[in-house]
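Here is the structure we will look at, set down as C-alpha cells.
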Amino acid sequence: MSVAFDETYDVVIVGGAIMGAMTAYYLTRDPGFSGRIAVIERDPNFAQASTTLSAASLRQQFSIPENIRMSLHGLDFIRNVKAHLGEEVDLGWHEGGYLILASEAGLPILTANHAVQKAEGAEIALLSPQEMTARFPWLNVEGLAAGAYGLSGEGWFDAHALLAATRAAGKRQGATFITGEVTAIAREGARIIGVTLADGRRLGCGALVNAAGPRGGRVAGMAGIPLPVEGRKRCIFVLHCRTGLPNMPLLVDPTGFWIRPEGAYQICGAPEPEEDRDPGEDFEVDWPLFEEVTWPNLAFRIPAMEEVKVVRAWAGHYEMNLLDHNAVIGPHPEVGNFFFMNGFSGHGLQQAPAAGRAIAEWIVHGRSVSLDLGVFGYERVAANRPHAELNII
C-alpha cells in the first residue's frame, strides 16, 4: 500500500506536554541522532494537560526500585536544571519532604517499602507517632502506627516552568512542535508508517512515540494495539488555614487525602469515588468530594483545619494504567517502531526526565542505556501480568 505524506519525520511524538518534550529534548542532544522530530500537541495552551494540572511533586517513596531510580534522575534534573537545559530556570524547587502515614494495618507495607527505598539510597526516616508529634505538633497521630518522612530529595516545583524550558530547549536543538490532533495512525504489518491529523495533514514517520497522557490508550488503539490506560479525574483544592503549620511536608493520610503547602496556602486532594470511570472531557470540580469526604478526614488529622477557607479549586486527569498503576515504557515487542511512555498513574511529571531519556536511547541505541527499565515493558501488558506499584497517591 502506497501512502502519500505531506511531510516525513524520523520520529513523530504524539503529545507535547512533559513526556513528549523530554523525549524531543533528549533525542536532539544525542550525538547519535541527526534526524527530524515532530512533536504533535492538540492543546497548545496545556489547559487540560496532566503536566500543568498536577500537584507538581517529587518523591522517592515507592515500592519498586526502578520507580525510585527514575525519580532520582528527575531529582538530579531539577536540582541541576541549568546543566541539563543550558540556561538558568527558576523551577521554584522546595525540598519539603513527603510524610506518608500508616495505620497498624498499613505498617507492614510501609516498612517493606522503606527497606526498598533505603536500599536505593533514598534518605527516608521511619518515624514513630511520638517522633511525628515532636516534629509536627499540629498533627493528630491518633490511629497511626508510623510515618515515612523524606529527609531530603522530596518536594515540589513549578511544572509550567519545567515544561516551558524543556520545550524551548527542544526547539533550539531542532525539534519541530506542531499544533494538531492525531486522528489516525497508518500501519503496514509490523511497522507504523505515519499519522493523520484532524486538519487532514499526513505525516510519515520512521518511529512513533505515544506520549498522549490520559489519551494514550486511544492513541495505541489507532494502531490496533490494546493498552489499558485511561484518564481518572483528580480534584485539587486550594485552602487557607489561619493557624500556622510549621515545616509542613506533603502529607499523605491512610484515608487517601494528601495535602502540602503552596506559598501562604495549602493544596490538597483525594481520589474520586468513581474510580472505574474515564472522565472523558469532564474537568468540573467535585465540590462535595471536599465538603463531605476530604474535609472531615483533614480536620481529624490536622485539627487546625476545622476552620479553613477554600480559595479555589481545579480538576485534572491522571493517566491511569488499569493493569498495575505502573508506567509502560519502551518499544512494542512486535511493532518495533511504536514506543510507549504511558500509564504513569500520577507520578509521571517527576519521572519524565528519566522516561524521555530512556525512549531517546531506545530509538537511537536500541536499548535503554542509562537505566534498565525492562520491568515496565509492554510484554507484561500483553501477558496480563501485573507488576504493581504499592505506593500510589
Side-chain angles (χ1 to χ4, degrees), residues 1-42 44 84-86 166-213 215-216 219-220 222-225 227 328-342 352-370 373 377-378:
M1 179 178 67
S2 178
V3 178
F5 293 109
D6 299 295
E7 284 190 89
T8 297
Y9 294 87
D10 295 278
V11 180
V12 167
I13 301 171
V14 184
I18 197 63
M19 289 293 171
M22 280 291 177
T23 303
Y25 161 73
Y26 275 105
L27 272 173
T28 55
R29 70 191 297 263
D30 192 311
F33 183 82
S34 58
R36 301 180 72 211
I37 303 167
V39 183
I40 304 169
E41 173 56 47
R42 61 184 289 274
H84 285 281
L85 295 182
T166 305
R167 286 172 61 88
K171 289 177 184 177
R172 287 196 305 270
Q173 294 163 188
T176 300
F177 287 75
I178 297 171
T179 298
E181 181 174 2
V182 172
T183 55
I185 294 175
R187 172 178 167 179
E188 287 187 350
R191 287 196 66 78
I192 304 300
I193 62 170
V195 301
T196 301
L197 306 187
D199 63 8
R201 283 178 290 173
R202 291 184 171 185
L203 307 179
C205 66
L208 185 138
V209 178
N210 183 356
R215 296 171 175 266
V219 169
M222 294 177 194
I225 296 170
L227 179 66
V328 182
I329 311 175
H332 189 281
E334 296 173 3
V335 186
N337 70 334
F338 185 102
F339 293 87
F340 301 93
M341 52 190 321
N342 306 107
R357 180 180 61 171
I359 294 296
E361 290 172 349
W362 258 303
I363 291 172
V364 179
H365 306 288
R367 65 188 180 94
S368 178
V369 178
S370 305
L373 300 178
Y378 182 80

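In this chain, residues are counted from 1 in sequence order. All of these numbers come straight from a predicted model, not from anything done at the bench.
Annotation: ring-ring contact (aromatic ring centres under 6.0 Å, His included) contacts of Phe338 (sequence neighbours excluded): Phe340. Judged as a side-chain hydrogen bond (donor to acceptor under 3.5 Å, both in side chains), and not counting sequence neighbours, the contacts of Tyr26 are His73. Every residue was checked against the salt bridge (charged side-chain N to carboxylate O under 4.0 Å, His left out) condition with Arg191, not counting sequence neighbours, and none meets it. For the salt bridge (charged side-chain N to carboxylate O under 4.0 Å, His left out) test, residues two or more places apart in sequence or in another chain that qualify with Glu7 are Arg36. With sequence neighbours left out, Arg202 forms a side-chain contact (heavy atoms from CB on, under 4.5 Å) with Val3, Phe5, Asp6, Thr196. For the side-chain hydrogen bond (donor to acceptor under 3.5 Å, both in side chains) test, residues two or more places apart in sequence or in another chain that qualify with Arg215 are Glu281. Residues meeting the side-chain contact (heavy atoms from CB on, under 4.5 Å) test with Ala352, sequence neighbours left out: Ile18, Met19, Met22. Applying the side-chain contact (heavy atoms from CB on, under 4.5 Å) criterion to Arg367, with sequence neighbours excluded, gives Val369.
Listed by first and then second residue, the salt bridge (Lys or Arg N to Asp or Glu O under 4.0 Å) pairs that reach into residues 8-31 come to none, sequence neighbours excluded. Residue pairs meeting the side chain to side chain donor-acceptor pair (under 3.5 Å) criterion with at least one partner in residues 171-182, sequence neighbours excluded, are Thr28-Gln173.
Residues Tyr9 and Ile178 are in side-chain contact: their nearest non-hydrogen atoms beyond the backbone lie under 4.5 Å apart. Between Trp362 and Leu373, some side-chain heavy-atom pair lies under the 4.5 Å cut-off. Residues Val182 and Leu197 form a side-chain contact, since some pair of their non-hydrogen atoms from C-beta on lies under 4.5 Å apart. Counting only heavy atoms from C-beta outward, the side chains of Phe339 and Val11 never approach each other to under 4.5 Å.
Listed here is the closest heavy atom pair of Glu361 and Ser368: OE1-C, 3.5 Å. Of all non-hydrogen atoms in Glu334 and Ala190, the two that sit nearest each other are O-CB, 3.6 Å. Nearest heavy-atom pair across Phe177 and Gly170 is CE1-C, 4.1 Å. For Ile40 against Val12, the heavy-atom pair with the smallest separation is CD1-CG1, 3.6 Å. For the pair Ala21 and Gly16, the tightest heavy-atom approach, listed with the atom from each and the gap, is CB-O, 4.2 Å.
Going from atom CG of Asn337 over to atom CZ of Arg187 covers 9.5 Å, rounded to the nearest 0.5 Å. Taken to the nearest 0.5 Å, the CD1 atom of Ile359 stands 6.5 Å off from the CD1 atom of Ile329.
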Can you give the donor-acceptor pairs under 3.5 Å from side chains of residues 204-212 to other protein atoms, not counting sequence neighbours?
unit_1	atom_1	unit_2	atom_2	d
Asn210	OD1	Ala212	N	3.3
Asn210	OD1	Asn342	ND2	3.2
Asn210	ND2	Gly216	O	2.9

